Structure formats: C-alpha cells, structure tokens
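This report refers to the structure that appears directly beneath it.
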Amino acid sequence: MAVAGCGRAKGSGEIHARQVVLEREVEGLHQLAAKLERGEAALPPEDVVVGISDAMVQEIFTAQMPFEVETEGLHLVLDRAEVAFRGSPAVTLTGTIAMKDHPDLRGDLRAIGVLEKIQVDPVSGTLRAHVAIDHIDLLKMGGLEAFLGAGTLDEISRSLRKELAGQIPDVQIPIELEKSIVLPSVTEGPVRIQGASMPLDVGVSDVFAGQGVLWIGVRVVPGEFVRTDAPTPAVTARPTSAAQKPQAGRP
C-alpha cells in the first residue's frame, strides 16, 4: 500500500510542479501584455534598466550553495540550482533530505520557486532577492516514508514547503548601485572649491523576466546637494627678513 500510494503521489506531484511553473510564466506574460495594450513600456522609461542573464544568476546560486535547512526532525541540503527566466524568474533547487535520527536514510527532493522582493540592500548597495518556494516534490524517498508519518507524499511536501518558508538565504546579485554623487573638494592650486555630495534615493520599481534575462528597473531620485568640508585657504609667502627683500634697482 505504501509503494502504491507513493507512485500515485509522485505522478500527481510532477504534474503539479509543471503547473506551478506554467502559472507563474503565464501570469508574468499577462502583466506584460496588459502594459503593452495600455501603451506603456515594459519598464518605466525614466528608470535605469539592469539586465542579468539566468546563466549568471545560476552561477551565483552555485557559488553560494549548499543551503542547509533544519526543520523538525529533518535535515535538508540543497546543492544544485537551475534558473530559467521565461515570463517569471523561476528557480529550481534540488538536493537531499534526511532524518536527524536516521542519517543513513536519505532521499532526493526538488524545490520549485521564484525570485521575488528584489530590492537594493540598504547597507551594501547591491541587489538582493528573496527565494519563494511554491512547490516541493519528493523525488526519491530511500525508505524515509516509513518514518515521516501517515499521509501521501503531496501532504508531506506541503508541510515541508511551509517549514522552509523564510529559511532559504536571500540571493546577493553583485551589482552595486551608488547611493550618492560626490564632488570632491579642491584644496590645492590658485582656485579652491568646497566639496559637496548629492544623495540618491535608489530603489527597484519593477521587474520582468523574459528570453533568459531578468530586467530590473531601478528608480533613481536625486536629493539636494550638501556641502562637505571647506577647502583649505591658500597660503601666501611673505618675506620675513631684510635679506629676503628685493634690493632697489634689481628685479
């Protein structure tokens, strides 16, 4: 009975996984189509547009892995990532699942989600994205089903998805956005200029994923110039003794 139940759950889980990905893609394409029908641009024309490929984001994921997550009685290790930007910033993470009390029993799982809440990190100025998990598929149990309690694999997957919420680290995208424009002081030479800086309010306005590229609209609002340190006054040399004064009749 356990084997038969797992087989049916695996098939339905595969269908649900594909459905989740397609629903995200269709939703993203519908939003783009609605903007174009209204005569709007995909991203605000006054924004700075940053484009990053799914292959590069996949490399970023790989560099930050593995992700180890501890849940009640379970230890999850996510060590592989697949990123595809087709209508939505889809992310698929795969790895293993094991019980803390029975580490020799190990299964395989797949977590399907998207990048969301893409924003500018207030400290580093880089872009960061939250990983939201939509679906978890238990691909291979390896004997774990005897210890995970009653219920189908789909029910267990839903429980794991809730426990994983917020436990996967944010992804840091290494694109630094300056938060101010600095005009340095000029302290040497005949002309002295006081320095100033202009703060910039930088934030993500909108995001669109398509054709393998994640397009990020960055809104930049300039502030008012603020004076910095005043320039050092010029120093004029003066003679200090009669010997240093020019003699009459000589240049």
Side-chain angles (χ1 to χ4, degrees), residues 2 6 9-10 12-14 16-18 20-21 24 52-85 88-176 204 207 209 214:
C6 291
K10 181 178 180 181
S12 62
E14 187 72 27
H16 186 219
R18 184 58 180 163
V20 167
V21 174
R24 286 280 193 176
I52 181 169
S53 69
D54 50 11
M56 181 177 180
V57 175
Q58 183 166 319
E59 291 181 3
I60 294 172
F61 266 103
T62 303
Q64 297 179 2
M65 285 182 160
F67 299 147
E68 297 193 28
V69 179
E70 298 284 345
T71 65
E72 185 176 355
L74 296 174
H75 179 69
L76 282 68
V77 179
L78 302 173
D79 55 5
R80 296 181 301 277
E82 181 180 351
V83 182
F85 296 154
S88 69
V91 177
T92 302
L93 307 176
T94 55
T96 59
I97 177 174
M99 294 196 66
K100 297 177 182 178
D101 297 337
H102 301 275
D104 54 323
L105 299 178
R106 190 174 302 273
D108 297 334
L109 81 160
R110 173 177 59 188
I112 300 173
V114 293
L115 298 180
E116 65 174 16
K117 300 179 182 178
I118 301 175
Q119 57 186 350
V120 180
D121 188 282
V123 178
S124 64
T126 59
L127 291 173
R128 61 186 299 178
H130 178 71
V131 182
I133 300 299
D134 293 328
H135 174 76
I136 290 182
D137 194 9
L138 298 174
L139 305 175
K140 180 182 177 182
M141 295 305 295
L144 287 174
E145 62 274 9
F147 298 91
L148 292 179
T152 65
L153 294 186
D154 282 348
E155 294 173 348
I156 299 172
S157 298
R158 284 191 293 268
S159 176
L160 285 176
R161 182 175 63 83
K162 293 179 180 179
E163 294 185 16
L164 275 178
Q167 295 202 46
I168 297 180
D170 290 347
V171 177
Q172 299 288 339
I173 301 175
I175 298 176
E176 184 174 357
V204 175
V207 177
L214 180 64

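Keep in mind it's a predicted model, so treat the numbers as computed, not measured.
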Answer whether the closest heavy-atom distance between the side chains of Leu109 and Asp137 falls below 4.5 Å.
-> no
Can you name the side-chain hydrogen bond (donor to acceptor under 3.5 Å, both in side chains) partners of Arg80, sequence neighbours left out?
-> Thr94
Partners meeting side-chain contact (heavy atoms from CB on, under 4.5 Å) with Ala209 (sequence neighbours left out) | Phe85, Pro89, Leu214
Is Leu127 close to Val120 at the side-chain level, that is, under 4.5 Å between some pair of heavy atoms?
-> yes
Listed by chain and number, what are the salt bridge (Lys or Arg N to Asp or Glu O under 4.0 Å) partners of Glu59, not counting sequence neighbours?
-> none
Within-4.5 Å side-chain heavy-atom neighbours: Val83 and Thr92 | no
Looking at side-chain heavy atoms only, is the closest gap between Asp79 and Leu93 below 4.5 Å?
-> no
Partners passing side-chain contact (heavy atoms from CB on, under 4.5 Å) against Ala84 (at least two apart in sequence or in another chain) = Arg86
Note, His135 side chain near Ile133 side chain (heavy atom, < 4.5 Å) = no
Report the distance from atom CD of Glu70 to atom CD of Glu68, rounding to the nearest 0.5 Å.
-> 7.5 Å
Name the atoms and distances for all side-chain donor-acceptor pairs under 3.5 Å in residues 165-175, with sequence neighbours left out.
| from | atom 1 | to | atom 2 | distance (Å) |
| --- | --- | --- | --- | --- |
| Gln167 | NE2 | Glu163 | O | 2.7 |
| Asp170 | OD1 | His130 | ND1 | 3.2 |
| Asp170 | OD2 | Arg128 | NE | 3.4 |
| Asp170 | OD2 | Arg128 | NH2 | 2.8 |
| Gln172 | OE1 | Thr126 | OG1 | 3.3 |

Please report the C-alpha distance between Val131 and Phe61 in whole Å, then the side-chain angles of each, then the deciding distance to 0.1 Å, and finally whether the side chain to side chain contact (heavy atoms under 4.5 Å, CB included) criterion is met.
-> CA-CA 11 Å; Val131 182; Phe61 266 103; 4.0 Å; yes
Output for pair (Thr62 OG1, Ile60 CD1), nearest 0.5 Å, gives 10.0 Å
Residue pairs passing the salt bridge (charged side-chain N to carboxylate O under 4.0 Å, His left out) test with at least one member in residues 89-99, sequence neighbours excluded, are none
Nearest 0.5 Å, what's the CG-CG distance between Asp108 and Leu138?
-> 10.0 Å
Less than 4.5 Å apart, any side-chain heavy atom of His75 and any of Ile97?
-> no
Check: Val114 and Val91 side chains under 4.5 Å, non-hydrogen atoms = no
